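Here the structure comes first, spelled out in structure tokens, and everything after it is commentary.
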Amino acid sequence: MNHPSPQLTFAGMVAQKHHFTLPLDYADPDGAQISIFAREISSPENSAKSLPFIVFFQGGPGFGAVRPAANGGWIKRALKEYRVLLLDQRGTGLSTPVNYACLSHLTSNEQSQYLSHFRADNIIRDAEAIRQQLTDNQKWTILGQSFGGFCVLKYLNDAPQGLAEAYITGGIPSLTRSADEVYQATYKRVLAKNHDFFTRFTDAQCLIKALANHIENNQVLLATGERLTVEMLQLLGINIGMEQGPESVYYLLEQALIDTPTGTQVNPLFLAHFCQLLDFNTNPIFALLHESIYCQQTRSNWAAHRVRQTYSEFNYSSDKPFLFTGEMVYPWFFEQFGNLKPLKQAAEDLAQKSDWPMLYNLETLANNQVPVSAAIYSEDMFVEMQYSLETAARVGNLKYWVTSEYEHNGIRMDGEHILDRLIAINRGEKLR
């Protein structure tokens, strides 16, 4: 059931809110229900027209769709011929959110059972249910960034009859490789990004080691109340794989330590901004389900944590260089981050879950008829290029563009150009 709101006009766009009531578990359609939110956007000159939809699948998992403040970037390009639908994937944004407070009435076992319904398979079931209600069963186009690209492949696998075209940026997953294999490749990419960062910012190693040593010898509390640890500090590395991310990390490190009449202290500004650069407290699905996005009839068993043991460079000590980690999730998150602590047992249950459904059917994808074009970023820290190319060779009707121009968040930085190029590739048009 769709509950649309009146149209709103802002920032050169016309927007309408939609709330859909859908099953938590599609195997039990009359059971528990959740709300899924989507924001429809059109340009003022096209708002009265019945243009086709393009649906955006956000990266993550566990993050709500972009909240546009202006008609720019990829949205500007899309609005030339589409209505844009910004979908808050289940558990995020305004879609029956998942957090420790909302799950506090459930036992740990009930929490893990509930959370097991929040992978890409059910995100796609939600999208298909919405398509049938919102478009009178007309085909629509989809665009996926990062984990959103995983959702695009799942959509092509499960419900290609609903799709006219598909686009992927920075998110072609392996169809067969395990979480262990993914992290073995990703740690190598993170090492390379560390090298680039510390080569570029020549005093950053001294700055971060001074901070790390201070943290080890003093109790430092974040603005959110947790004790700052060296392991937490390493997590800032998730930003060095983004365009403009290395700069934001470096400028923060410059201000980390200050001299006061009572001695050296960590700058309160650093402690506040540090929390803003990490989303684990505010977006728990990422920590809870990130590794499950690779699981097909297998358990993750904390893959990133186990694989890290073969990369001792990341185990900090004062006598060797400091290294950042990437987007890896570790079991200690649920001991150190305040909002994750109540979900510790549920996280362990999910890490040991071995009956995750299969995500992809290789024959189905090999015979895909939906036109798909993808941007593969050769320097991407988060998605291994060779695995993306492996998948591209196994999916029918998929064309790709490999580029070193962009980092993982290229669509945020130059989305109008990227989407325009992908549309041209998909349609066999000359590139402008």
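Predicted model, so just to flag it, every value in this text is computed and none were measured. By convention here, the first residue in the shown sequence is residue 1.
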Test ring pair (Phe, Tyr, Trp, His ring centres under 6.0 Å) on Phe147 and Phe57; report intermediate values, then the result. CA-CA 8 Å; Phe147 171 69; Phe57 290 96; 9.0 Å; no
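Between the Asn194 side chain and the Phe324 main chain, a donor and an acceptor come within less than 3.5 Å of each other. In this structure, the side chain of Gln33 engages the main chain of Pro29 through a donor-acceptor pair within 3.5 Å. Arg77 places no side-chain N or O within 3.5 Å of a backbone atom of His417 that could act as its donor or acceptor partner. Side-chain atoms of Tyr406 never come within 3.5 Å of backbone atoms of Glu379 as a donor-acceptor pair (strictly under, hydrogens ignored). Proximity of a side-chain donor or acceptor of Arg119 to a complementary backbone N or O of Pro357 within less than 3.5 Å is detected. Looking only at distances, no side-chain donor or acceptor of Glu165 sits under 3.5 Å from a matching main-chain atom of Val370. Remark: the backbone N or O of Ser178 is paired with a side-chain donor or acceptor of Glu181 at under 3.5 angstrom. Judged purely by atom type and a 3.5 angstrom limit, Lys154 uses its side chain to pair as donor or acceptor with the backbone of Leu359. The closest donor-acceptor contact from the side chain of Thr391 to the backbone of Pro173 lies under 3.5 Å. A donor-acceptor pair under 3.5 Å is formed between the side chain of Asn367 and the backbone N or O of Glu363.
Using the six-membered ring where Trp is involved, His290 and Phe286 have ring planes that are tilted, between 30° and 60° apart.
Residues forming a ring-ring contact (aromatic ring centres under 6.0 Å, His included) with Tyr167 (at least two apart in sequence, or on another chain): none. For Gln113, the side chain to side chain donor-acceptor pair (under 3.5 Å) criterion is met by no residue, not counting sequence neighbours. Under the side chain to side chain donor-acceptor pair (under 3.5 Å) criterion, Trp356 pairs with no residue, sequence neighbours left out. Every residue two or more places apart in sequence or in another chain that forms a side chain to side chain donor-acceptor pair (under 3.5 Å) with Ser146 is listed here: His408.
Partner of Glu348 under the side chain to side chain donor-acceptor pair (under 3.5 Å) criterion, out of Gln352, Lys344, Gln345: Gln352 alone.
Sequence neighbours left out, the pairs with a member in residues 58-75 that pass salt bridge (charged side-chain N to carboxylate O under 4.0 Å, His left out) are Arg67-Asp88. Residue pairs meeting the ring pair (Phe, Tyr, Trp, His ring centres under 6.0 Å) criterion with at least one partner in residues 105-131, sequence neighbours excluded, are Tyr114-Phe118.
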